[in-house]
Novice: 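Just passing along the structure, written as structure tokens.
Small disclaimer: the values here were computed from a predicted structure and weren't measured. Chain A is the first sequence line, chain B the second, and so forth, proteins listed ahead of strands; every chain is numbered from 1.
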Amino acid sequence: VNPADLLGSDLSLAFWPIVIGAIVNSACALLGCFLVLRRMSLLGDAISHAVLPGLVIAFFFAGRNAFGWLFLGAMASGVLTTFLVESLRKWGNVPEDSAMGIVFTAMFSIGVLLLSNWARDVHLDVSCVIYGDMDIATSILTRGYGFVYPRVFPRMAAALIGVVVFLFVFRKELKLAAFDPALATAMGFSAALLHYLMMGMTAVVSVSAFEAIGSVLAVAMLIVPPATAQLLTDRLRTMLVLSALVACLSSLFGYLLARHFAANSAGMMAVAAGLQYSAAVLFAPRYGLIAKSWRSLALSTRIAGEDVLARLYRKEEASRRPAVETPVEVPIITRKWIDRLARGRLLHNGEVHLAADGALALTDRGRKTAESLVRSHRLWEAYLVQNFQLPLDHLHEPAERIEHFIGPELQQQLAESLPKTAVDPHGREIPGTAPDQK
Amino acid sequence: MSSTSAARRTGLPVALILVPACLIAASAWFLPSLARFSAGFVSYNTVVVLLGATLLGANAGLIGTFTVLRGRALLGDVLAHASLPGFPLALLLLGRRSFSGMLVSAFIMGLVGVLLLTLLRRYTRTKDDAALGIIRSVLFGLGIVLISVVQSWVVEGGKAGLESQIFGKTAGMLAEDVRLIGLVSLVSLATITLLFKEFQLASFDAGFARVQGWPALVLDNLQMGLVAVTTVVALPAVGAVLATALLIIPGATLRFWTERLRTLLLGSAVLGALIGAVGSAASANFSLLPAGPIIVLVGVAMFVVSMLFAPRRGLIARRIAQEGFRRARRRRRLLATLFELDEIDGGENDWHPAERIASRHAWTPRELFQVVTEAELEDLIRRRDHDEAGQLCRLTAAGTEYAATIVRGFRLRDALLDEHPDQAVLVAAWEPRDFDENLPPELLATLEARLQSRGTLPPASGPTIPPGRNHGEERP
């Protein structure tokens with residue numbers, strides 16, 4: 001039974017490429033999480049180029065289907081690349097990026113040379129290694145266990161299972177090494193051994209990937225989905241799941257788009273991953289650009305509004321009667337539209353009301369907020385004098401900054417830590433008590 | 001330093017660089033045509049390829065040095081991949097094959113890639129390495145997609161020429177390509193010559209350059225632009241991977257030979273030219289071998305040779321220096337120990353068993369033999385065999401004098417560090433004699449007086465220090 005035939009005739013052609021793509025992509029993406037976390041993405045990149053000679057040699061001696069040898073050859077080139085980069089860095093005092101550049105271009109050149117000399121004996125072609133060809137890779141079907149599947153399926157599935165087992169067995173060590181390599185070493189895990197294992201696995205994955213998606217996409221899948229997932233979450237487990245998800249979606253949309261435009265599917269999968277990454281850059285809930293600028297806009301509006309309230313409060317305090325403020329009265333320190341936004345928000349919240357001539361005056365509600373702000377401000381000034389012995393002319397600025405971030409709880413703690421809370425260091429009255437104490 | 005001498009100093013590299021630049025540019029312009037007449041000896045094509053590869057190597061070596069120095073060695077790689085979409089894009093936009101149009105649009109794509117990279121670094125959580133990887137692989141993927149689309153849409157003349165942007169067809173270089181490469185070389189040479197001082201500062205201390213009020217961003221972008229131009233011009237000739245290598249290898253290789261930027265730049269240009277020439281000549285002679293990979297491997301071979309054999313920074317030279325340092329250190333320990341043993345015995349030069357000294361410092365028998373033999377050859381100690389105690393050693397007169405200097409330095413340091421432990425880093429590299437010269441006189445006098453009162457101050461002897469190979473630091 002070919003599972004692809006269970007779908008409609010139109011989709012059955014797309015079934016295997018998408019499945020194979022999803023398998024290979026998620027194998028890369030899962031492993032890539034740790035590369036990205038340890039900031040070694042470029043080493044992964046280098047390795048995926050450097051496996052070429054190992055690949056050619058394994059093909060030459062063992063033939064295309066001996067994938068045990070293929071994996072061994074890949075593992076060997078991966079470890080060799082890592083070792084060479086490390087030695088250049090350590091013994092030759094070569095900066096790491098130069099070392100990587102030299103090693104991978106050299107390995108790749110050797111691979112191309114071997115390939116161009118043995119091209120007739122090995123059914124392997126550089127452009128296939130670079131781009132891969134999903135349609136050719138999945139068109140050769142074979143039969144086994146009652147199913148019909150592409151010949152490359154077992155190899156790719158083995159790679160995925162290998163990655164999952166590797167990540168499961170070493171989950172503790174990998175996690176520790178990803179977030180705190182120094183601690184890992186201090187606790188007696190051999191960081192170097194783990195490093196080499198990791199790079200060996202990277203090589204295995206990129207070799208298993210090359211036929212279907214090519215080395216370029218392998219690199220894209222090693223880096224882009226994990227980076228996307230990293231923008232979406234702070235938890236390693238979620239990151240792994242999301243990263244695999246992005247990889248599978250890249251396969252799905254990449255292949256379908258490629259078919260629609262009659263374009264190269266490996267390239268399109270990389271583009272699909274790139275689009276998901278751009279979407280994450282823009283829309284991620286916490287680290288996305290839109291969320292970030294929204295938060296910073298909200299914060300600046302709040303601060304601008306609170307400044308208006310505090311100013312009005314001080315005016316009232318000085319003149320002992322309700323005060324108004326027209327927008328032209330004070331120089332605007334933030335951007336104009338933010339100031340306008342802030343005033344609009346104050347009106348909307350009912351913390352100020354419009355007096356004559358478009359001037360603003362405090363409502364009772366606004367007065368309460370302003371009182372709390374001024375209280376925070378003056379408590380902080382008193383605190384600074386008591387604990388840091390700052391001179392009087394150094395007090396206002398830090399207090400002006402921090403007043404927006406002192407909640408009722410901190411206010412109370414400040415009040416408790418001060419011997420007297422009636423007046424601030426400038427001799428002005430510290431108003432009221434915190435709102436929640438009333 | 002007066003400003004005139006500074007001007008004279010910068011005048012030198014201008015002359016050094018501009019003269020060969022003019023020669024190169026002239027040869028790039030005329031030699032392809034001249035080569036037509038010399039076709040009897042070597043094929044016209046070989047001359048063109050040789051010239052193109054040489055120029056390309058020189059230019060890449062020159063520009064690449066800065067990227068290597070600034071820790072951006074993989075920038076060329078990123079640019080080479082990111083500019084790929086530019087080639088098919090030009091074809092789609094212009095509707096016809098135009099070599100210059102493709103190069104311009106590839107250049108623009110490369111710059112877009114660099115811009116995106118800067119934005120990702122600045123505004124997202126993605127780290128540098130991942131950002132590089134993303135830009136590089138996604139834009140390359142886009143390039144592949146566009147190329148495949150172009151191949152299926154544009155029937156006529158679409159495919160040929162696009163494939164080669166990735167692997168390069170060095171052997172297919174045309175006189176037109178060589179002229180372009182010559183032009184780019186000229187531009188980058190002129191830029192580097194004119195902005196030598198600025199680039200120099202930006203390469204070694206970018207922060208200082210900014211603080212000094214120089215347009216660090218402009219300089220940065222100028223350098224990246226030069227890398228982009230070089231890469232784009234190199235792509236059709238040697239392909240993406242190999243263009244990367246040409247940018248990195250000469251700079252990284254010459255770094256083993258020199259510590260002066262001027263020498264580094266000139267050397268890298270020469271080495272790049274050499275790599276290009278040797279590689280393309282080799283592949284012309286063995287027609288089976290593609291030129292691109294050969295060029296890279298020739299470069300890597302030169303890199304490895306330099307890494308091993310370069311005079312000061314090479315691996316072997318550094319090993320030798322380290323060994324010399326260890327020997328000098330052991331010899332001092334030997335002399336100091338003999339001196340102190342003499343002190344304990346009452347000040348007379350006496351015979352002491354060598355084994356006892358070795359076990360104090362955990363020397364292996366070989367190390368002991370080496371240090372004793374050397375010291376004896378330099379007439380610092382005498383040695384004789386003894387039936388029970390093995391070998392015995394005794395200081396000579398010259399040895400005693402030298403040993404007194406060493407022990408004096410040790411004790412002055414100990415006395416100093418007792419008082420000022422925070423100066424340990426400062427004095428770590430001082431030699432024994434430096435204590436007499438470098439310490440403030442009144443401090444030296446205090447320390448001497450203290451040692452004197454304990455009776456542990458060896459006399460300051462004359463400067464008759466025997467010719468040691470290396471002077472280094474040690475601990476008593």
Novice: B:Arg313: what forms a salt bridge (charged side-chain N to carboxylate O under 4.0 Å, His left out) with it, not counting sequence neighbours?
Specialist: B:Glu259

Novice: Side chain from CB out, backbone as N, CA, C, O: work out which of these in A:Asp45 comes under 4.5 Å of a heavy atom of chain B, or both, or neither.
Specialist: side chain

Novice: Run B:Val300 and A:Met107 through side chain to side chain contact (heavy atoms under 4.5 Å, CB included) and show every step you take.
Specialist: CA-CA 10 Å; B:Val300 170; A:Met107 298 276 280; over 6 Å; no

Novice: A side-chain contact here means heavy atoms from C-beta on lying under 4.5 Å apart; do B:Ile294 and A:Leu113 qualify?
Specialist: yes

Novice: Any side-chain heavy-atom pair from A:Phe108 and B:Val296 closer than 4.5 angstrom?
Specialist: no

Novice: Judged by atom type as modelled, is there a donor-acceptor pair below 3.5 Å linking the side chain of B:Ser148 to the main-chain atoms of A:Ala263?
Specialist: no

Novice: Could I get the full list of salt bridge (charged side-chain N to carboxylate O under 4.0 Å, His left out) partners for A:Arg89, not counting sequence neighbours?
Specialist: A:Glu86

Novice: When you compare the side chain of A:Asn93 with that of B:Arg318, does any pair of heavy atoms fall below 4.5 Å?
Specialist: yes

Novice: Does A:Gln230 reach the side chain of B:Thr124, with side-chain heavy atoms less than 4.5 Å apart?
Specialist: no

Novice: State which residues pass salt bridge (charged side-chain N to carboxylate O under 4.0 Å, His left out) with B:Arg255; sequence neighbours excluded, sorted by chain then number.
Specialist: none

Novice: Do A:Val94 and B:Phe303 have side chains that approach each other closer than 4.5 Å (heavy atoms only, starting at C-beta)?
Specialist: yes

Novice: List the steps, then state whether side chain to side chain contact (heavy atoms under 4.5 Å, CB included) holds for B:Ile249 with A:Ile102.
Specialist: CA-CA 7 Å; B:Ile249 291 174; A:Ile102 290 169; 3.9 Å; yes

Novice: Find out whether A:Phe104 and B:Leu74 are in side-chain contact, i.e. whether some heavy atom of one side chain is under 4.5 Å from a heavy atom of the other.
Specialist: yes

Novice: So for A:Met40, is it side chain, backbone, both, or neither that comes closer than 4.5 Å to the heavy atoms of chain B?
Specialist: backbone

Novice: Taking heavy atoms only and a threshold strictly under 4.5 Å, list by residue number the residues of residues 126-139 of chain B that touch chain A; give 'none' if the list is empty.
Specialist: B:Thr126, B:Lys127, B:Asp129, B:Ala130, B:Leu132, B:Gly133, B:Ile134, B:Arg136, B:Ser137, B:Val138

Novice: With rounding to the nearest 0.5 angstrom, report the OG to CG distance, A:Ser109 to B:Leu297.
Specialist: 5.0 Å

Novice: Where does A:Val281 contact chain B at under 4.5 Å (heavy atoms): side chain, backbone, both or neither?
Specialist: side chain

Novice: Do A:Leu289 and B:Tyr123 touch side chain to side chain, with heavy atoms closer than 4.5 Å?
Specialist: yes

Novice: What's the spacing between B:Leu142 CG and A:Met268 CE if we round to 0.5 Å?
Specialist: 8.5 Å

Novice: Below 4.5 Å, heavy-atom pairs only: which of B:Thr67, B:Leu315, B:Leu247 has the largest tally toward chain A?
Specialist: B:Leu315

Novice: Among B:Arg125, B:Met307, B:Arg319, which has the most heavy-atom pairs under 4.5 Å with chain A?
Specialist: B:Arg125

Novice: Please round to the nearest 0.5 Å and tell me the distance separating atom NE2 of A:His49 and atom OG1 of B:Thr244.
Specialist: 8.0 Å

Novice: Do A:Trp91 and B:Leu308 make a side-chain contact, defined as non-hydrogen atoms from C-beta onward lying under 4.5 Å apart?
Specialist: no

Novice: Just how far is it from atom CG of A:Asp97 to atom CG of B:Asp77, taken to the nearest 0.5 Å?
Specialist: 11.0 Å

